[in-house]
Undergrad: 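Can you keep this structure in mind? I'll have questions shortly.
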Amino acid sequence: MIINKTKKNIISKQERICTTPLSQMIGLMFKKKQNIIMVLKQEKKIALHNLFVFYSHDLLILNKEQKIIEIKQQFKPFTLWRSATKGKYLLELPVPLTKTYELGDQLAFSHT
């Protein structure tokens with residue numbers, strides 16, 4: 001479960017945790033809409049492709065304290081993107097009808 005502690009709401013009730021390089025490389029390719037949390041070994045800039053992902057989704061870059069430091073809204077299918085900041089976590093969320101998060105929000109989730 002991903003909770004927005006700043007806004008006191010739930011962002012996701014179910015998500016997939018990606019900790020290995022292979023699971024992170026595969027990500028959402030050929031998958032139905034789902035939420036994923038990528039846990040990086042160290043903070044770094046993140047480069048992504050959206051090849052073989054057939055829907056738009058939002059990307060949230062979080063620091064090691066799980067605070068949102070960058071947002072890429074509506075990452076479109078078959079495009080490329082690179083973060084401007086270094087992050088420890090990457091959340092990929094299907095585009096919500098209403099935004100339940102914004103830059104600077106403090107999130108909480110378990111990644112074990």
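For reference, positions follow the sequence shown, starting with 1.
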Undergrad: Hey, what do you get for CG (N9) to OH (Y101), rounding to the nearest 0.5 Å?
TA: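 Rounded to the nearest 0.5 Å, the CG-OH separation comes to 11.0 Å.
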Undergrad: Cluster question for you: counting only ILVMFWY and a side-chain heavy-atom cut-off of under 4.5 Å, with indirect links fine, are M1 and F109 together?
TA: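 No, M1 and F109 fall in different hydrophobic clusters.
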Undergrad: Would you give the length of the straight line joining atom NZ of K5 to atom CD of Q66, rounded to the nearest 0.5 angstrom?
TA: 8.5 Å
Undergrad: Counting only heavy atoms not in K7, do more than 12 sit closer than 6.0 Å to its NZ atom?
TA: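 More than 12 within 6.0 Å, yes.
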Undergrad: Hey, could you give me the CD1/NZ distance between I61 and K67, rounded to the nearest 0.5 Å?
TA: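 Answer for the CD1-NZ pair, I61 versus K67, is 15.5 Å.
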Undergrad: Has S83 got a side-chain atom pairing as donor or acceptor with K45's backbone, closer than 3.5 angstrom?
TA: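 Answer holds: no.
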Undergrad: For atom NZ of K33, is the number of surrounding heavy atoms from other residues, nucleotides or ligands below 6.0 Å larger than 12?
TA: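 No - once you tally the heavy atoms of other residues, nucleotides and ligands closer than 6.0 Å, there are 12 at most.
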Undergrad: Output yes when a side-chain donor or acceptor of N4 lies under 3.5 Å from a complementary backbone atom of T100, and no otherwise.
TA: yes
Undergrad: Between CG of N35 and CG of L93, what distance do you get to the nearest 0.5 Å?
TA: 5.0 Å
Undergrad: Identify whether I26 and I37 are in the same connected component of the hydrophobic contact network (ILVMFWY, side-chain heavy atoms under 4.5 Å).
TA: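 The answer is no; the residues belong to distinct hydrophobic clusters.
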Undergrad: Decide whether L62 and I10 are clustered together by the hydrophobic rule: side chain heavy atoms of Ile, Leu, Val, Met, Phe, Trp, Tyr closer than 4.5 Å, transitively.
TA: no
Undergrad: Have Q74 and K76 got a donor and an acceptor in their side chains that come within less than 3.5 Å?
TA: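 Short answer, yes.
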Undergrad: Where is the tightest heavy-atom contact between P77 and V53, given as atom of each residue plus distance?
TA: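 Closest pair (atom of P77, atom of V53, distance): CB-O, 3.1 Å.
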Undergrad: Would I3 end up clustered with I69 when hydrophobic side chains under 4.5 Å apart are linked, directly or stepwise?
TA: no
Undergrad: Check L80 against F75 and note the closest heavy-atom contact, atom names and distance.
TA: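 Answer, listing the atom of L80 first, then F75: C-CE1, 4.0 Å.
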Undergrad: Evaluate the ring planes of F78 and F52, with Trp represented by its six-membered ring, and classify them as parallel (under 30°), tilted (30 to 60°) or perpendicular (over 60°).
TA: perpendicular
Undergrad: For T20, enumerate each residue passing the side-chain hydrogen bond (donor to acceptor under 3.5 Å, both in side chains) test, keeping only those at least two apart in sequence or located in another chain.
TA: S23
Undergrad: With no hydrogens and no angle check, is any side-chain donor or acceptor of Q24 less than 3.5 Å from a backbone partner on M38?
TA: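 The answer is no, because no donor-acceptor pair under 3.5 Å joins these two groups.
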Undergrad: Taking all non-hydrogen atoms of both residues into account, name the closest pair between I17 and S110 and its distance.
TA: CD1-O, 3.9 Å
Undergrad: Does K88 use its side chain to pair, donor to acceptor, with the backbone of K41 at less than 3.5 Å?
TA: yes
Undergrad: Quick one: pull up NZ in K31 and CZ in F54 and give me the separation to the nearest 0.5 Å.
TA: 11.5 Å
Undergrad: Evaluate the criterion side chain to side chain contact (heavy atoms under 4.5 Å, CB included) for residue pair L91 and L107; output intermediate values, then yes/no.
TA: CA-CA 11 Å; L91 279 58; L107 306 186; 3.9 Å; yes
Undergrad: Backbone N or O of I2 within a donor-acceptor pair of the S12 side chain at under 3.5 Å?
TA: no
Undergrad: Are I46 and L40 side-chain neighbours, meaning at least one heavy-atom pair lies under 4.5 Å?
TA: yes
Undergrad: Within a strict 4.5 Å, meaning less than it, do heavy atoms of the E102 and I68 side chains meet?
TA: no
Undergrad: Taking the side chain as every heavy atom from C-beta outward, state whether N50 and H57 have any atom pair closer than 4.5 Å.
TA: yes
Undergrad: For E65, does the CD atom sit with more than 12 other heavy atoms under 6.0 Å from it, leaving out its own atoms?
TA: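 Counting other residues, nucleotides and ligands, CD of E65 exceeds 12 neighbours.
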Undergrad: What residues, two or more places apart in sequence or in another chain, satisfy side-chain hydrogen bond (donor to acceptor under 3.5 Å, both in side chains) together with T85?
TA: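 T85: side-chain hydrogen bond (donor to acceptor under 3.5 Å, both in side chains) contacts with E70.
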Undergrad: Is any side-chain heavy atom of L90 closer than 4.5 Å to a side-chain heavy atom of L48?
TA: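 Touching, per the 4.5 Å side-chain cut-off.
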Undergrad: How many angstroms lie between atom CD of E92 and atom NZ of K72, to the nearest 0.5 angstrom?
TA: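 So the gap between those two atoms works out to 12.5 Å.
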